Q: 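Below you'll find the structure I mean.
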Amino acid sequence: MWEKLKTKWNIESDKRMVWIFVIFAITGSSIGFARRWVTQLLFGKSSYGELHWYELIFTIICVYFIYQILLFVIGTLLGEHKFVKWFVLKMNKRIFPFINVEK
């Protein structure tokens with residue numbers, strides 16, 4: 001699986017792969033704090049269990065876009081701007097097919 005991802009993402013070194021996974025780990029951990037903040041700010045509730053279905057859907061959409069912003073910012077600060085930009089655009093291509101993704 002490691003080699004498949006290296007080929008798919010066009011990455012040569014194992015160190016760079018580890019660094020990219022560190023970026024994903026930091027971003028994933030950060031989004032947990034951001035999600036709690038978003039639900040508290042928008043609805044005055046801090047857990048998904050307390051939300052109505054429409055509040056839950058709206059929160060998930062907000063968190064999706066916040067995740068991408070965090071991934072882009074954290075990845076850029078940690079030196080993987082080109083890869084993270086490509087990855088975020090590729091991720092959005094599935095939802096918004098008119099986005100042009102080139103590496």
Side-chain angles (χ1 to χ4, degrees):
M1 187 168 146
W2 184 267
E3 293 300 323
K4 274 178 79 173
L5 280 177
K6 279 176 65 174
T7 304
K8 184 178 180 179
W9 292 347
N10 195 23
I11 296 172
E12 298 80 30
S13 75
D14 289 334
K15 283 183 181 180
R16 185 166 178 225
M17 278 291 286
V18 169
W19 189 242
I20 288 170
F21 281 122
V22 166
I23 291 169
F24 283 129
I26 292 169
T27 306
S29 300
S30 301
I31 201 63
F33 296 109
R35 193 250 347 135
R36 189 169 295 126
W37 178 79
V38 166
T39 55
Q40 187 67 37
L41 180 71
L42 293 177
F43 307 113
K45 303 170 186 174
S46 62
S47 72
Y48 282 143
E50 301 172 358
L51 298 175
H52 296 287
W53 66 269
Y54 53 88
E55 293 172 334
L56 180 64
I57 291 171
F58 186 73
T59 302
I60 290 171
I61 291 169
C62 288
V63 167
Y64 175 76
F65 289 108
I66 293 170
Y67 174 81
Q68 296 197 17
I69 293 167
L70 281 174
L71 180 61
F72 187 76
V73 169
I74 291 169
T76 300
L77 290 174
L78 295 178
E80 287 293 337
H81 173 78
K82 186 176 179 181
F83 174 80
V84 171
K85 178 182 174 187
W86 170 78
F87 192 85
V88 168
L89 287 173
K90 184 180 173 206
M91 219 163 53
N92 280 319
K93 177 72 173 166
R94 294 178 182 178
I95 295 175
F96 308 108
F98 55 85
I99 295 175
N100 187 16
V101 178
E102 299 195 16
K103 193 167 184 182

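Numbers here simply count residues along the sequence, with the first being 1. These numbers come from a predicted model, not from an experiment.
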Q: Same hydrophobic cluster for I60 and Y64, using side-chain heavy-atom links shorter than 4.5 Å among ILVMFWY?
A: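 Shared cluster, yes.
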Q: With the side chain counted from C-beta on, respond yes when I31 and V63 share a heavy-atom pair under 4.5 Å apart, and no when they do not.
A: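 They are in side-chain contact.
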Q: Let me confirm one number: the CD1-OG1 distance from I23 to T76, rounded to the nearest 0.5 Å.
A: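 Between atom CD1 of I23 and atom OG1 of T76 there are 8.5 Å.
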Q: Taking atom CH2 of W2 as the centre, does the number of heavy atoms from other residues, nucleotides or ligands within less than 6.0 Å exceed 12?
A: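 Check passes, neighbour count above 12.
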Q: In terms of relative ring orientation, are F43 and F58 parallel, tilted or perpendicular, with 30° and 60° separating the classes?
A: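 Aromatic pair F43/F58 classed perpendicular.
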Q: Can you measure from NZ (K82) to CD (E80) and round to the nearest 0.5 angstrom?
A: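 The CD atom of E80 is 10.5 Å from NZ of K82, to the nearest 0.5 Å.
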Q: Look at the side-chain heavy atoms of Ile, Leu, Val, Met, Phe, Trp and Tyr, link any pair under 4.5 Å apart, and say whether Y67 and W37 land in one connected group.
A: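 Shared cluster, yes.
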Q: How long is the straight-line distance from CE of M17 back to CZ of F83, given to the nearest 0.5 Å?
A: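 That separation rounds to 7.5 Å.
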Q: When you group the ILVMFWY residues by side-chain heavy-atom contacts below 4.5 Å and let the links chain together, are F24 and L77 in the same group?
A: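 Each belongs to a different hydrophobic cluster.
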Q: Taking all non-hydrogen atoms of both residues into account, name the closest pair between E12 and N10 and its distance.
A: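 In this case the closest contact between E12 and N10 is OE2-O, 3.5 Å.
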Q: What are the two closest non-hydrogen atoms of C62 and V38, and how far apart are they?
A: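 Taking C62 first and V38 second, the nearest heavy atoms are CB-CG1, 4.2 Å.
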Q: Roughly how far apart are I26 CD1 and I74 CD1, rounded to 0.5 Å?
A: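 One gets 6.5 Å once the value is rounded to the nearest 0.5 Å.
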Q: If I take atom CD1 from residue I66 and atom CD1 from residue I61, how far apart are they, to the nearest 0.5 angstrom?
A: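 I66 CD1 to I61 CD1: 12.0 Å, rounded to 0.5 Å.
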Q: Treat each ILVMFWY residue as a node, draw an edge where side-chain heavy atoms are under 4.5 Å apart, and state whether V22 and I20 are in one component.
A: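 Yes, V22 and I20 fall within the same hydrophobic cluster.
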Q: Which word best sums up how the rings of Y54 and H52 line up, parallel for under 30°, tilted for 30 to 60°, or perpendicular for over 60°?
A: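 If you compare the ring of Y54 with that of H52, the planes turn out parallel.
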Q: When you group the ILVMFWY residues by side-chain heavy-atom contacts below 4.5 Å and let the links chain together, are F87 and V73 in the same group?
A: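 Different hydrophobic clusters.
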Q: Does a sphere of radius 6.0 Å around NZ in K6 hold more than 12 heavy atoms from other residues, nucleotides or ligands, not counting ones at 6.0 Å or beyond?
A: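 Atom NZ in K6 is packed in, count exceeds 12.
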Q: When you compare the side chain of L70 with that of F33, does any pair of heavy atoms fall below 4.5 Å?
A: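 No, too far: nothing below the 4.5 Å cut-off.
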Q: With sequence neighbours excluded, tell me which residues meet ring pair (Phe, Tyr, Trp, His ring centres under 6.0 Å) with F72.
A: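 Only H81 meet the ring pair (Phe, Tyr, Trp, His ring centres under 6.0 Å) criterion with F72.
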Q: Measure the shortest side-chain to side-chain distance between W9 and R16 over non-hydrogen atoms and say whether it is less than 4.5 angstrom.
A: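 SC-SC contact between W9 and R16 ruled out.
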Q: Would you give the length of the straight line joining atom CG of D14 to atom CD of E3, rounded to the nearest 0.5 angstrom?
A: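 D14 CG to E3 CD: 6.5 Å, rounded to 0.5 Å.
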